[in-house]
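Start at 1 and go down the list; that is how both ligands and their atoms are numbered. Keep in mind it's a predicted model, so treat the numbers as computed, not measured.
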Amino acid sequence: MSPAPERIRIFDTSLRDGEQSPGCSMDAAQKLRFALALAELGVDIVEAGFAASSDGDADGIARVARALRGTGTGVCSLARCRPGDIEASAKALEGAEAPRVHVFIATSPLHRQHKLGFSKAEVVDAAVRAVEHARRLVDDVEFSAEDAIRTEPEFLEEVFRAAAKAGARTLNVPDTVGYTTPAEIEALFRRLRAALPAEAILSAHCHDDLGLAVANSLAAIAGGARQVECTINGIGERAGNAALEELVMALQVRSDLWPYRTGIDTTRLVPTSRLLTRITGMAVQRNKAIVGANAFAHESGIHQHGMLKHRDTYEIMRPETVGWARSQMVLGRHSGRAAVNERLAYLGFSLDEAAAERLFARFKTLAEKKKEVFDADLEALVLGEDASAAGWQLTAFHLSTGAGQGEQPAAAIELRDPQGEGHFGRGSGDGPVHALFAALTEARGMHVDVESYAVHSVSSGEDAQGQASLRTRHHGEELTASATSTDILEASALAWLALAQRIARRPGHAVAPTRDTASSEVRA
Ligand code: KIV
Ligand code: ZN
């Protein structure tokens, strides 16, 4: 019998490297929700944040640490080589079953000289002290040499040897600026593997500035890495990190080249990717590998012909393997509650009875308008349910584009507040969306400073549902909301309302008065 293939540990940093990038911030509750999904996906370690960066981050890590007990997934917090950072990490991880403190310091000449002002000896000294300190507080310590790729290889060996001796179990090699190539990183890992103690686990952390993060991570594995650091949908600083879904599927589909296994349940890849999109409002491009809407779509006649003859002609993996719909079973106006509920459960939603009933009514309305209701439609309906549960309801709206009459676009809105009282608002603007938001501002009695606005379709066909996503910054915190409808202007209004509700729920929130509510304070 041939021995079981070696295991590659999947270290997910969506909640740290990913979350710190523009458009991806999450609050503690959202982090918790996503961490549970990562555990269900089967990742080995979740890097839940950088405890010393804020109280909110420390709280988020602590909540994740407690929630992941008993799941088999470890929890990690990042720390600079400073006692305060290490202590904040260990404290946030107190409730964790398998806590890991991840200390890092930059090692490249550029960073030593311009960022730290440290000599080589000072870098080694800081790394050793930090690892020793962390080891006094937790058993499992990872050490990263930031900008390792642009570090002199002999110095990198020296730092890693010292960190391993001080007690670091995992030695991480970040390509912090996404500069390396597959051949170069493979050679570096071979060199490090030969030079460092066999019990030290080598790890790769590749950024995607040249679009090579996944290829470089795979090359690192070929050179001896047994942990890879990655994120769902490849989110992360600048161009992002190696995409977990691509890495895992490359390992699985090309096991002839990389004979390794991971603990990932690949059928959870698409639902996890979608959950991240729902939480952050950051959509993946349609042609994104594995999780993009077109990843398994065959449009051209030649491809469709080939697929009908034999799926392998144009399909290197089955969509079901990564969590796309098991079949093309389509829901429609004849479908009953059981079929809808079964589909919802498959898509990872659990609604209470009342919410399921409300959703079913909305499903029926949609099914009357739309011949076929796809998974994405259903998912969008649940999100609409979330938006309408925000308290304030959109009861009516009217828009005139002003086109041909030489007038500005204008909107009139009617809202119902949680007490059932109606509120009206009118507004005009440079375009219909601008007018719509002005009318909402008046009706809701609060101003939302929309920083970014995007609309994309989330299902197929001419009657596809559109998802509108909005982002704002509130007291330095980034807040997002999205909503869906077959009418993109309605989706935009619902997303605006959901965002207003999120702002109103922030502790101690006092709304900036609008022109017409000069002295009033509005609370949720
Ligand atoms: O990219 C990087 O260097 C990092 C380290 C902190 C691990 O994210
Ligand atoms: Zn990074």
Side-chain angles (χ1 to χ4, degrees), residues 9-25 43-54 57 61 74-82 85-86 88-89 100-112 114-116 118 123 126-127 130-131 134 140-151 155-156 159-160 163 168-180 184-185 188-189 192 200-214 216-217 220 225 227-244 247:
R9 288 168 190 76
I10 302 294
F11 177 110
D12 182 282
T13 183
S14 306
L15 295 176
R16 198 278 298 167
D17 212 321
E19 199 268 348
Q20 76 195 29
S21 63
C24 294
S25 60
V43 310
D44 295 284
I45 298 131
V46 166
E47 186 163 50
F50 181 3
S53 68
S54 72
D57 231 37
I61 296 167
V75 185
C76 169
S77 166
L78 186 69
R80 286 163 296 188
C81 286
R82 298 184 185 178
D85 277 32
I86 295 165
S89 287
R100 173 182 294 190
V101 172
H102 175 188
V103 292
F104 77 100
I105 190 164
T107 50
S108 67
L110 267 167
H111 283 238
R112 288 195 315 260
H114 299 291
K115 193 175 86 177
L116 300 174
F118 276 13
V123 168
V131 172
D140 186 4
V141 174
E142 169 169 337
F143 170 76
S144 279
E146 191 189 6
D147 204 18
I149 291 296
R150 294 189 297 172
T151 301
F155 180 54
L156 196 58
V159 184
F160 278 147
R169 277 201 203 145
T170 306
L171 302 173
N172 185 37
V173 180
D175 181 15
T176 303
V177 291
Y179 180 71
T180 196
E184 184 181 67
I185 198 170
L188 178 65
F189 270 82
L192 292 172
I201 297 165
L202 296 188
S203 165
H205 175 113
C206 296
H207 278 272
D208 207 31
D209 298 66
L210 294 174
L212 291 172
V214 171
N216 288 338
S217 305
Q227 171 179 286
V228 278
E229 303 198 351
C230 45
T231 58
I232 297 291
N233 296 346
I235 63 170
E237 284 283 356
R238 304 179 312 281
N241 290 62
L244 181 152
L247 252 174

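Remark: ligand 1 and H207 share an N or O pair separated by less than 3.5 Å (distance only, no angle test). Residue H102 places no N or O, backbone or side chain, under 3.5 Å from any N or O of ligand 1. Geometrically, ligand 1 and N172 share no nitrogen or oxygen pair separated by less than 3.5 Å. Between T176 and ligand 1, an N or O atom pair is found at a separation short of 3.5 Å.
With sequence neighbours excluded, the residues that form a side chain to side chain contact (heavy atoms under 4.5 Å, CB included) with R169 are D139, D140. For Q20, the side chain to side chain contact (heavy atoms under 4.5 Å, CB included) test picks out R16, D17, E237, with sequence neighbours left out. Residues forming a side chain to side chain contact (heavy atoms under 4.5 Å, CB included) with A130 (at least two apart in sequence, or on another chain): C81, I86, V103.
A donor-acceptor contact under 3.5 angstrom links the side chains of N172 and E229, judged on distance only. Residues H205 and S144 have side chains that never bring a donor and an acceptor to within less than 3.5 angstrom of each other. Side chains of T107 and T151: a donor-acceptor N/O pair is present below 3.5 angstrom, by distance only. With 3.5 Å as the limit, one finds no donor-acceptor pair spanning the side chains of E142 and T170. A donor and an acceptor atom, one from each side chain of D147 and S108, are located under 3.5 Å apart.
Taking a cut-off of under 4.0 Å to the non-hydrogen atoms of E146, the atoms of ligand 1 that pass are 3 (O). For ligand 1, the atoms closer than 4.0 angstrom to any heavy atom of P174 are 2 (C), 3 (O).
Residue-level proximity to ligand 1 for D17 is carried by the side chain, the only part with a heavy atom below 4.0 angstrom. By the criterion of a heavy-atom distance under 4.0 Å, neither the backbone nor the side chain of E229 is placed next to ligand 1.
Of the protein's heavy atoms, H205 NE2, 3.5 Å lies nearest to atom 4 (C) of ligand 1.
Of all protein N, O or S atoms, those under 2.8 Å from the Zn ion (ligand 2) number 3.
For R16, the closest heavy-atom approach to ligand 1 falls below 4.0 Å.
Using a 4.5 Å heavy-atom threshold, the side chains of N216 and D175 count as touching. Between N241 and C230 there is no side-chain heavy-atom pair separated by less than 4.5 Å.
Under a cutoff of 6.0 Å and an axis angle of 45°, R112 and F155 form a cation-pi pair.
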